[in-house]
Amino acid sequence: MKRDSEKRLRRERADAARDHEEELKESFEDWTQVRRLWKYLRPRRGRIAVAILLSVVLSLMMLAPAVLTKHVVDDYIAGGNMDGVLAMCGVVFLAMLAILAVEAFTSYAIARIGQESMKDLRMDLFRHLCRHSLRFYDKRPVGWLVTRMTSDVNVLNELFAQGVVGIFQQIFMLLGIVGVLFFYNPVLAAWSLVLVPMVLVLSRVFRNAIRVSYRLTRARLSRLNTHVQENVTGMRAVQANTREDAQFSRFELLNDLHREAHFRTVFAYSVYFPMIELIAAIGIGLVIWKGGEQYLADRMTVGELILFVSLLERFFQPIKDLSEKFNLVQSAIAASERLFKLVDEEPAITDPETPAAAPAFAHSIEFDDVWFAYNEEDWVLKGVSFRIEKGQNVAIVGPTGSGKTTLMSLLCRFYDIQKGRILIDGVDIREMRQADLRGKIAIVLQDVFLFRGSVEENIRLGEEGISRAQVEAAAQAVNAAPFIERLPKGYESGVMERGATLSVGQKQLLAFARALAFEPEILILDEATSNIDTETEQLIQQALDRLTVGRTALVIAHRLSTIQKSDKILVLRDGRLAEEGTHQELLAMNGLYRRLYELQYREESLT
Amino acid sequence: MKSLLRLIPYMRPYRWRFLFGVLFVLLANALGVQIPAIAGLAINVITGSSARTGLVSMMVFLVAVAGLAGCFRYLMRRVLIDTSRDIEFDFRNSAYRHLQKLDASYYDGMSTGDVMSRMTNDIDAVRMVLGPAVMYTANTIFVLPMVLGYMLVMDWQVTLAGLSPLLIMPVLVNRFGSDLHRHARGQQDQLAQLTTYVQESLAGIRVIKAYGQEESGTARFDGENDRYIDQSMRLALTQSLFFPLIRFVAGTGLLAILYLGARRIIAGNMDYGTLVSMVMYFGMLVWPLVAAGWVINLFQRASAAMDRMHGIFGVESNVKDRPSAKAFVRPKTPDIEFRGLTFAYEGAAEPALRDIDLKIPFGGSLGIVGRVGSGKSTIVHLLLRLYRVEDGTVFIGGTDINDWPSAELRRTLGIVFQETFLFSESIGENIRFGAQRELTDGETAELARMAGVHDDIAGFPHQYGTMLGERGINLSGGQKQRVSLARTLGRDADVLILDDSLSAVDTHTEEAILGALRGVMKDRTTLVISHRISTVALCDEIVVLEDGAIAQRGTHGELLEQKGLYAELWERQQLEEEVQSVETR
C-alpha cells in the first residue's frame, strides 16, 4: 500500500516535471489560433467598431483635463483672469461628464458583445462535441472537456472584454500622450522617450518569465481538478476502502505543485511593477532636470512643466496595463489553442455528402464479415456475419468480453468498423445519415444513464414529438408506471444527477420506458434485465413480448424465456460467431451450444 | 460579510507574515508620498520661489526615494500574495479533507459540477480576498491619512474643498456594493448550472446519440447560456456604472483643487510647486479609492464564495462519533444483529424496513433476496451508517452501531458495491487500493484469482500494471465488479458484504468465485445480498424481504420446502441458469 502511494506520488512528480519541460519547449507566439476568434466577433463587428472607436475617443478625452490645466496655468492664471479659469473649469467638468457617460456605455456594450460572442463559441463547441463518435469520448475525461467549455471560454471572454478593447484604448492613450508632449515641447518630449527602450526591455524580460509560469499553472491546475473530480465521483469507494489519507497526500502534492507554479508568477510581478514605477520616477526626474534647464532658458512655460509632470506620470500606466494584459493574452493563446484543436479534430464519423434515402425499415439487417477493434489490431470482432429478417427477435449469447455489446454499438454506428459491411435493407449504414439510422433504433444500455430533470423529461429526452400521453403509455407498458406514480410528484418528480435517488431496478424500468416511447423499428437491449429481480423482470418480459411483436429486436440475453422465444440465437465466442439458429436447432446441431448446455446441466444436477 | 470571518482560523498561522507584509506596505507608501513633495519643491526651485539647489541632485534624490519605495513594494507583493497562495493551499486541503468526511447522503443530493465549481471558482474568489484585497486595503488605509496629512498642511481649505465630493463615496459604495454582491452570486450560480449541464450531457453522450437528441440537447444548452448571459449582464451593468461614477466623483474633487488653487496663485497665496504637489497627491488618493471599490467587489465575491463553500464545510456528516466512541475496543469476532429495526428515509411516507430481527454469528453467512425496492440495499446503507438508525436496533460485535467510531466501522466492514468505481490507476493499484498493509505482487495476484479476474488481467498488455480509465483501458462491467471484489478482499475486513456485487458476472464464474470465497468466509461474518438465488443458496441462513419486512427465513432447503416466494423464484431462476450456462465456456 505504501509502495503504491509512493509510486503514485512519484508518477505525479514525473508528470509535473514533464509539464514543465513541455511548457519550456513550446512556442508561445502562436497567434493564429487566437485570430480564429474573429469568426465569433465578426457578426458583431459593427458594434465592436463602435466600442473600439468610443474607447479611443475615451482615452483621448481622458487627456483633456491635463491639457486644459496647462492652458489654465499659462493663459489664465498667468494673466490673472479668474473668469477664464472658471470657464475652463466648466469645460473640464463637461468633459468629465462626457467621459462618465461614454465609459459606462462602452464598458456595458463590450461586456454584452463578449458574452454574446462567447455564447456562440460555446454553442459551436457543444454542437461539435455532439458530432463526435464515441471513440473521441473514450479517450477524453469529461472533466477535461467541461473545463474547455467553461474556463477556457471564459478566459477568451476576458481577453476580449478587457484585452482587445483595452489594448486599443491603451495604445491610443500612449500615442495621445506622445503627441501632446511633442506638440508642446519636442525637445523635452524627445528626452522623455529615452525611457521607452528601458520599458520595452523590461517588459520583454517580464513577458518571458511570465509565459512559462502561466502555462505551467494551468497545466497543474488541470491535474488538480481532474483528481478532485475523480475523487468526488468515487468518494464512496475511497471511504469504503478507508483510503482518505493516501488520496489526500496525493491531492496535497498536486495542490503544492499548483501553488509552486503560482509563486513563479508572483515573483515576476513583484519585480516588474516596482521597476515600472521606478522608471516613471526617473521620467519625472528628467522633467525636473531638462525641463528645469529649458524653463530657465525661457524655452518652456510653467504650464508645460506641469503638463509634462502629470502626463509622464501617466505615460507608464498604459505600458504597465499592456503588460498586465499580456498575462491575459498568454492564457488566451493557450486556451484558444486547446479549444480550436478540439474544433479542428474532425469527427471520426460523419454523414455522407449524398446520404442514401431513408425509407422505413423494410426487410433485413446484415453483418457482412465485420472486423472491429477499439485499438488497432486488437480485434474485438473477427469477421462476424449474420442476417436478421424484419420482425425477427434475435438473442445474442456469449461469455463476457465475447463482443456482444460491441456488436450493438456498431449497429448504432457509435464506432466505424475497420473491415466488412453492416447493411440495413441492403444499404451500408455508412451511406446513411446518422440521424436516419439511429431514428430507426432504440437502445437500452447496460448502464442506465439518467439526466437531471423530471421523470417525464428522462423518458422523452427532449423529443418534442412525444406527448405526455405517449410517455405514460410507455411507462405503463413496461410496468414503470406504478413506481413513478408513487413518487411525490409523479411524472414531474425530479431525477438527480445520474438518477442517484432511484434504485437500479427503477432506473432500468425508466430506460425501458424511454426506449418504448420512441417507438423504434429496431429494438436493442443490452443485458438490460440482469440487475432486476425476477419478479420485476417477469413484468418487463411481458411488456417486451407485447412490444417485440412486429418489431425487430436484438437482445443480449441471459434469460431462458427470451432465448427460447427468439427466432434466432447468435452464439458469440471470442469475437467470432460460433453458431446460429433456434434453441432447438442449436441443440440438434450437437455443437458448442449443446455441449455448453449439457455441461452446465450436469453441474447443476450435481449440486 | 460575516461568512468571511470563517477565514480567520486559516489566516492565523500566517499572522507574522501578514504583519510584515503590512509593514512593507507602510514603508513603501511612506517613501512614495515623498515624491510629489519633491516634485513640487523642484518646480518651486525652478520657478524661483524657493532657494536654488542643483537640479541634478534633486533628480537623483527623487529617483533614490522611488527606488527604495520600489524595494518595499517588491517585498510587500512577495510576502502578501505568496501568503494568499499558502492559505489557498491550506484552505483547499481542508475543503478536500472535509469532502472526504461527508457521507453518501451528501453526494446523493449534490452534483459533481457543483462541488467542482466550489473547489475551483469559489476557492479562487476566496484567495483573491486574502491576497490582493488585503494588500490593496492596507495600501488604501496607509495612503489616505499620509496623503491627507501632507495636503492639509499645504492648504487645508483647498484640501477640504477637493475632498468634499469624495464624501459621497460611502453612499455610492454602499448602494452598489449590495447589487454587486447579489449579481456576482447569481452569476456564479448560473455558471455552476452551465457547468453541470455540460458535464452531464457529455457523460451521457451515448444516450443522447442513441436517441438522436443532439438538437434538443443543444437547444437546452442554448437556454442555459442565455440565462448565464442575463446574469452576467446584470453584473456588468452595475460594474459599468460603478467604476466610472467613482472616477467622476474623484475628478470633481480634482477640479475643485485646481480652481481654488488657481485663485490662490492669482491672489499670490500659493506657488506653482504646491499646486503641482497637491494635484499629484490628489491623484494618489484616487487610485486607492477606486481600488477600494474593486476591493469591495472582491469582498462581495469572496463572501458569496464563502457562503457557497459553507455548502461543503457547513455540512456535518449525518453520522458523528459519540464521545463514548473514544473508549471503543474493536471486537475480535464481530457478529451482526438487527433488533426490531424499523427505518424510514427522510420524507418517505412508508418505512423502508420494518421489524427486522436478524443475527449473523461470526463465521456465519446470511443471504438476503427480495424484489426491487424490498429494502435489501437499505440494510447495507444502514450497516455502513450512511443514514442514522435509532439506538438499540443495529449491533455489530455486541456494540450499538451508533457507538462505533466511524473509522473503526469502516475498517471492520469490507463491502463490494453493485455499482463499482475504479480509479484511473493501474489494475494492481486498484486491487491494493483498500489494503490495510502492504501487499506483495503474489498476494495481489492471489486476490485477483479468488475474485476470478486473474486470467483476464494476465491477458492485458501490462498485466497488473495496465492503467485503467482515461490513461488506459476500459474494463467490462463484469471485470470491474471482479476487480472491485478483489479490492475488497484485500482489505481483509472482519465483515464481508456483497451487495449484488456479481450481477454482471455470469453464473458459472460466480459459482467459481463463491467457491473460492468459502475459505475466506470461514473466519468472518458475511452478508450476501442478491437478486439471484444461486448467489445466496449456500448461506447459513437466507431471508426473503418483501415490502421492507421479512417474509420468509431459513436455509435454502427449508425455504424450498416452504413453497413461498423463494421457491417460486428458485424454480424460475433454475431454468434461467440452465440457459445462462449456454453463455459460459
Side-chain angles (χ1 to χ4, degrees), chain A residues 1-2 4 77 80 85 89 96 100 103-104 107-108 111 115 119 126 130 141-142 145-146 149-150 228 232 234 237 240-242 244 251 255 259 262 266 270 274 278 281-282 285 288-289 292 295 302 306 397 400 435 438 443 449 461-462 497 500 505 531 533-536 559-560 563 596 600, chain B residues 42 46 55 59 62-63 66 70 73-74 77-78 81 85 89 96 100 108 111 115 119 195 198-199 202-204 207 210-214 216 221 225 229 232 236 240-241 244 248 251 259 262 265-266 272 371-372 410 421 429 432 434-435 438 470 478 503 531 569 572 575-576 579 581-583:
Chain A
M1 185 177 77
K2 204 192 270 167
D4 282 343
I77 296 182
V85 171
C89 285
M96 282 174 8
L100 168 66
E103 200 182 358
S107 95
Y108 183 81
Q115 289 291 344
K119 179 196 159 180
F126 192 82
C130 282
V142 169
L145 291 171
V146 171
M149 295 281 281
T150 52
V228 175
V232 166
N241 288 292
T242 36
E244 286 95 333
F251 171 80
N255 197 4
R259 170 173 66 170
H262 273 297
V266 176
S270 302
L278 181 63
I282 296 174
I288 291 168
W289 177 29
Y295 179 84
V302 191
I306 293 175
V397 295
T400 321
R438 292 181 192 138
I443 185 165
F449 192 94
L461 285 178
E497 187 179 322
N531 290 337
D533 62 297
T534 320
E535 202 70 5
T536 314
R559 310 293 167 228
L560 183 64
I563 298 177
L596 293 170
Q600 187 64 21
Chain B
I46 294 166
L55 288 177
M59 173 189 166
L62 184 115
V63 171
R73 284 207 189 278
Y74 163 80
R77 199 172 274 275
R78 271 315 288 282
I81 307 291
R85 290 287 172 196
F89 172 81
Y96 186 85
Q100 288 187 324
D108 286 350
S111 69
V115 177
M119 288 298 281
T195 308
V198 174
Q199 157 124 19
L202 298 181
V207 175
Y211 288 92
Q213 294 306 309
E214 290 96 334
S216 71
F221 186 55
N225 265 302
I229 292 190
S232 303
S240 304
L241 286 173
F248 175 74
Y259 177 70
I265 294 174
I266 290 172
Y272 285 115
R371 294 173 230 235
V372 179
R410 290 218 189 100
F421 188 93
E429 282 163 331
R432 291 189 291 267
E438 203 171 320
E470 55 181 272
S503 58
H531 67 280
L569 291 172
R572 240 176 253 153
L575 281 176
E576 284 157 13
V579 178
S581 66
V582 167
E583 296 167 46

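The basis for the numbers below is simple: all heavy atoms, side chains too, and nothing from hydrogens, waters or symmetry mates. Chain letters run A, B, ... following the sequence lines, proteins first and then strands; every chain starts at 1.
Heavy-atom pairs under 4.5 Å with chain B were tallied for P274(A), S270(A), A111(A), A435(A); the largest tally goes to S270(A). Among L145(A), L100(A), V85(A), I443(A), the residue making the largest number of heavy-atom pairs under 4.5 Å with chain B is L100(A).
Note that CD of Q115(A) is 9.5 Å distant from CG of N225(B), once rounded to the nearest 0.5 Å. In this structure, M119(B) CE and F251(A) CZ are separated by 4.5 Å, a value rounded to the nearest 0.5 Å. Distance check, rounded to the nearest 0.5 Å: CE of M59(B) to CD1 of I282(A) gives 6.5 Å. Rounding to the nearest 0.5 Å places CG of L55(B) at 8.0 Å from CD1 of I288(A). Separation of atoms NE2 (H262(A)) and CD1 (I81(B)) is listed at 11.5 Å; rounding is to 0.5 Å.
For F126(A), the ring-ring contact (aromatic ring centres under 6.0 Å, His included) test picks out F221(B), with sequence neighbours left out. Annotation: salt bridge (charged side-chain N to carboxylate O under 4.0 Å, His left out) contacts of R259(A) (sequence neighbours excluded): D256(A), D86(B).
Contact of M96(A) with chain B is made through backbone and side chain together, with heavy-atom distances under 4.5 Å. Proximity to chain B (any heavy atom under 4.5 Å) is restricted, for V302(A), to the side chain, taken from C-beta onward. In this structure, the portions of V63(B) lying under 4.5 Å from any heavy atom of chain A include both its backbone and its side chain.
Put simply, the side chain of N255(A) gets close to the backbone of F89(B): a donor and an acceptor are under 3.5 Å apart.
Heavy-atom minimum distance, L62(B) versus G285(A): CD2-N, 3.7 Å. Annotation for V266(A) and R77(B): closest pair CG1-O, 4.1 Å, computed over non-hydrogen atoms.
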